[in-house]
Visitor: 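Have a look at the structure that comes next, please.
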Amino acid sequence: MAALSKSIPHNCYEIGHTWHPSCRVSFLQVTWGALEESLKIYAPLYLIAAILRKRKLDYYLYKLLPEILQSASFLTANGALYITFFCTLRRGLLTIYMANLVLLFCITAAMYMFFFRCKDGLKGFTFSALRFIVGKEEIPTHSYSPEAAYAKVEQKREKQEEKPRRMHIIYLVRKLVNLICKHGPRHRCCKHYEDNCISYCIKGFIRMFSVGYLIQCCLRIPSAFRHLFTKPSRLLSLFYNKENFQLGAFLGSFVSIYKGTSCFLRWIRNLDDELHAIIAGFLAGISMMFYKSTTISMYLASKLVETMYFKGIEAGKVPYFPHADTIIYSISTAICFQAAVMEVQTLRPSYWKFLLRLTKGRFAVMNRKALDVFGTGASKHFQGFVPRLDPRYTVVKPELPIEFS
């Protein structure tokens with residue numbers, strides 16, 4: 001059992017910012033490194049999101065940069081304030097363990113899709129994102145009648161016949177799908193009037209697989225072009241990378257499983273029900289097997305809790321706590337950072353790599369050997385590491401680092 005009530009005689013330089021004795025200089029170094037990495041993360045993320053959401057020119061001129069800076073400052077504050085309070089408080093919290101990834105995502109997806117199908121269930125960006133992913137056909141209420149929808153389909157077909165048919169890849173793929181699913185069935189409750197149920201699922205998979213593949217390619221562009229002249233062969237990994245296909249398979253299978261299950265339930269029950277979304281969403285969550293991401297799963301689960309909490313407030317079933325979201329986030333961040341110092345072995349490798357990237361590797365040079373007295377095995381993965389400390393600024397005479405010939 002960890003003896004967290006014990007105290008140690010070392011100061012913050014001997015344990016925390018071992019690379020520099022000054023708290024102020026260490027704070028500035030961590031802050032600048034975190035800001036730099038935050039901009040690398042959020043700049044392409046917001047740019048891709050703006051392109052996918054078809055933002056107008058005014059957004060790129062006046063809103064894109066402020067939103068990037070706002071999110072970057074938020075992430076930067078995590079690293080900067082942590083090192084600040086580490087120097088002033090040096091206090092600890094216990095760590096927590098994460099639930100099963102895929103099961104958690106299945107439950108989260110089931111609830112999200114249920115709220116998506118319900119009237120006024122979701123609003124804002126979440127609703128728009130899900131409508132983009134699964135399509136407006138899965139929304140139970142539409143502003144047009146079936147007759148008007150059929151009329152639009154016929155008009156679209158007439159326009160397509162007037163245009164010259166070019167033999168390009170998109171046309172060939174579409175033609176192949178239409179040939180395979182030309183005479184397939186479609187239930188009367190299904191609102192995908194342009195396609196039968198089989199074609200509907202296949203096209204959904206192809207569309208979102210392409211989106212996932214392109215997103216992952218775009219995220220790899222900065223790292224690929226850094227090696228443009230030194231290792232030109234690495235540019236091929238931009239297009240033929242395992243992660244590209246994994247994200248595509250995740251998004252594509254999620255949509256196709258959800259749509260296929262929804263159509264199947266409409267055929268079985270002979271009606272279109274919001275409760276179908278719970279079953280379809282849960283089964284679609286199995287797609288997480290293709291792209292296991294704790295970040296996605298935990299983020300969506302936390303946002304789901306937030307959504308349900310605010311819905312409870314609107315219904316008068318749950319009391320309102322001012323700044324509850326900020327408090328919960330602060331506690332969660334504190335727990336994760338505590339684990340990163342006292343029990344690195346309990347963190348997922350991907351999150352530990354993210355912290356190293358955010359702090360330019362400074363999280364790894366903390367003097368965890370001095371923290372072993374608490375019994376958490378802080379230096380378990382840092383055996384043999386001894387920081388080079390200036391004895392003029394230490395309380396305890398520093399141990400000399402081992403020199404290897």
Side-chain angles (χ1 to χ4, degrees), residues 12-23 25-45 71-87 90 92-93 95-98 101 216 219-224 226-227 234 237 241-243 291-299 329-330 332-372 374 376-389 401:
C12 56
Y13 165 55
E14 296 172 76
I15 298 175
H17 47 89
T18 60
W19 62 89
H20 199 283
S22 172
C23 296
V25 173
S26 300
F27 164 78
L28 293 175
Q29 290 175 339
V30 171
T31 302
W32 177 254
L35 177 61
E36 183 181 342
E37 292 301 320
S38 300
L39 291 174
K40 290 180 181 178
I41 293 172
Y42 283 110
L45 184 64
S71 296
S73 61
F74 151 75
L75 190 58
T76 302
N78 280 266
L81 294 179
Y82 179 77
I83 193 65
T84 300
F85 287 109
F86 184 90
C87 292
R90 290 192 293 142
L93 289 175
T95 186
I96 60 174
Y97 296 93
M98 298 181 179
L101 185 63
Q216 198 66 40
L219 293 176
R220 295 180 63 85
I221 285 176
S223 60
R226 280 203 300 265
H227 304 279
R234 293 195 61 175
S237 65
N241 187 273
K242 184 179 178 181
E243 293 183 359
Y291 191 79
K292 295 180 180 179
S293 173
T294 303
T295 303
I296 294 176
S297 184
M298 295 300 293
Y299 174 77
Y329 174 80
S330 300
S332 302
T333 303
I335 291 172
C336 290
F337 276 44
Q338 163 70 12
V341 176
M342 303 297 295
E343 298 177 278
V344 177
Q345 61 274 14
T346 63
L347 290 178
R348 288 184 62 86
S350 58
Y351 186 70
W352 173 240
K353 289 179 181 179
F354 170 74
L355 290 179
L356 290 180
R357 177 183 173 187
L358 191 66
T359 59
K360 296 292 185 180
R362 294 187 177 94
F363 231 134
V365 297
M366 299 182 73
N367 189 9
R368 290 176 171 81
K369 192 172 183 179
L371 302 174
D372 284 339
F374 293 112
T376 62
S379 66
K380 182 177 180 180
H381 293 289
F382 303 89
Q383 297 294 333
F385 172 75
V386 178
R388 295 178 178 273
L389 301 174

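If you're wondering where the values come from, they're calculated on a predicted model, not measured in any experiment.
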Visitor: Is there side-chain contact between Met366 and Val341, with heavy atoms separated by less than 4.5 Å?
Guide: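 SC-SC contact between Met366 and Val341 confirmed.
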
Visitor: Any chance you could measure Leu28, atom CG, to His20, atom NE2, to the nearest 0.5 Å?
Guide: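 Leu28 CG to His20 NE2: 10.0 Å, rounded to 0.5 Å.
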
Visitor: Can you tell me how far the CG atom of Leu355 sits from the CZ atom of Arg362, to the nearest 0.5 Å?
Guide: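 Between atom CG of Leu355 and atom CZ of Arg362 there are 14.0 Å.
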
Visitor: So, the side chain of Ser22 versus the backbone of Val25: is there a donor-acceptor pair under 3.5 Å, distance only?
Guide: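 A pair under 3.5 Å: yes.
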
Visitor: Hey, are the side chains of Ser38 and Thr76 touching, using non-hydrogen atoms and a 4.5 Å cut-off?
Guide: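 Ser38 reaches Thr76 side chain to side chain.
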
Visitor: Name all residues meeting the salt bridge (Lys or Arg N to Asp or Glu O under 4.0 Å) criterion together with Lys360; count only those two or more places apart in sequence or in a different chain, and write none if there are none.
Guide: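 Lys360 satisfies salt bridge (Lys or Arg N to Asp or Glu O under 4.0 Å) with Glu36, Glu37 once adjacent residues are dropped.
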
Visitor: With rounding to the nearest 0.5 angstrom, report the CD1 to OG1 distance, Ile335 to Thr346.
Guide: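 Reported to 0.5 Å precision, the distance equals 11.0 Å.
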
Visitor: What are the two closest non-hydrogen atoms of Leu39 and Pro44, and how far apart are they?
Guide: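 Looking at all heavy atoms of both residues, the shortest contact is O-CD, 4.0 Å.
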
Visitor: Is there side-chain contact between Phe385 and Asn367, with at least one heavy-atom pair below 4.5 Å?
Guide: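 Sidechains of Asn367 and Phe385: no contact.
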
Visitor: Measure the spacing between OG1 of Thr333 and CD of Gln338 and express it to the nearest 0.5 Å.
Guide: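 Spacing of OG1 (Thr333) from CD (Gln338) equals 13.0 Å.
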
Visitor: Determine the minimum heavy-atom distance between Cys336 and Leu347, stating which atoms define it.
Guide: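 It is O-CD2, 4.1 Å.
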
Visitor: Would you check, one step at a time, whether the test side chain to side chain contact (heavy atoms under 4.5 Å, CB included) holds for Ile41 with Ser71?
Guide: CA-CA 10 Å; Ile41 293 172; Ser71 296; over 6 Å; no

Visitor: Would you compute the distance between atom CG of Leu356 and atom CZ of Phe363 and round it to the nearest 0.5 angstrom?
Guide: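 Separation between the atoms: 8.5 Å.
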
Visitor: Could you give me the CA-CA distance, side-chain angles and deciding distance for Gln29 and Trp19, then say whether side chain to side chain contact (heavy atoms under 4.5 Å, CB included) is met?
Guide: CA-CA 10 Å; Gln29 290 175 339; Trp19 62 89; 2.6 Å; yes

Visitor: For the OG atom of Ser73 and the OH atom of Tyr42, what is their distance to the nearest 0.5 Å?
Guide: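 Taking OG in Ser73 and OH in Tyr42, the distance rounds to 9.5 Å.
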
Visitor: For the pair Arg357 and Lys40, evaluate side chain to side chain contact (heavy atoms under 4.5 Å, CB included) and give the outcome as yes or no after the intermediate values.
Guide: CA-CA 11 Å; Arg357 177 183 173 187; Lys40 290 180 181 178; 4.0 Å; yes

